[in-house]
Amino acid sequence: MNTNKVVAYLFGLLSLGGISETYSILTSSAPDITPQRTSLTVMSLCMTGLFIYVTINFWKKGNN
């Protein structure tokens, strides 16, 4: 198996974890999350987007 595909699978799993964490930040009413929801939302969306971008990038490299 191609090394790029293995890295793509790894970042794909991290993306799934990032999506679930972003969802929990957006829907949580915990008192420790509520005052910092804006910064946590921006950070989690950026990191999840980065993981998805890297996943797609490595998958395309693995296909070539």
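For this chain, numbers begin at 1 and follow the sequence in order.
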Original post:
Within the distance-only criterion (no hydrogens, no angle test), does the side chain of Thr55 pair as donor or acceptor with the backbone N or O of Gly12 below 3.5 angstrom?
Top reply: yes
Original post:
Do Asn63 and Lys5 come close enough that some side-chain heavy atom pair is under 4.5 Å?
Top reply: yes
**OP:** Following the transitive rule for hydrophobic clusters with a side-chain heavy-atom cut-off under 4.5 Å over Ile, Leu, Val, Met, Phe, Trp and Tyr, establish whether Leu14 and Tyr9 coincide in one cluster.
**Re:** no
Subject >> Heavy-atom donor-acceptor pair, Ser28 side chain to Ile25 backbone, under 3.5 Å >> reply: no
Original post:
Can Met47 be reached from Leu10 by stepping across I, L, V, M, F, W or Y side chains whose heavy atoms are under 4.5 Å apart?
Top reply: no
Original post:
Hey, is the main chain of Phe58 close enough, under 3.5 Å, to the side chain of Asn4 for a donor-acceptor pair?
Top reply: no
Original post:
Is there a chain of hydrophobic side chains (I, L, V, M, F, W, Y, each step under 4.5 Å between heavy atoms) that links Met43 to Ile33?
Top reply: yes
Original post:
Taking a hydrophobic cluster as the set of Ile, Leu, Val, Met, Phe, Trp and Tyr residues connected by side-chain heavy atoms closer than 4.5 Å, whether directly or through intermediates, do Ile19 and Leu13 fall within one such cluster?
Top reply: no
Original post:
Any sub-3.5 Å donor-acceptor pair from Thr48's side-chain atoms to Leu45's backbone N or O?
Top reply: no
Original post:
Looking at NZ of Lys61 and OG1 of Thr3, how far apart are the two atoms once the value is rounded to the nearest 0.5 Å?
Top reply: 12.0 Å
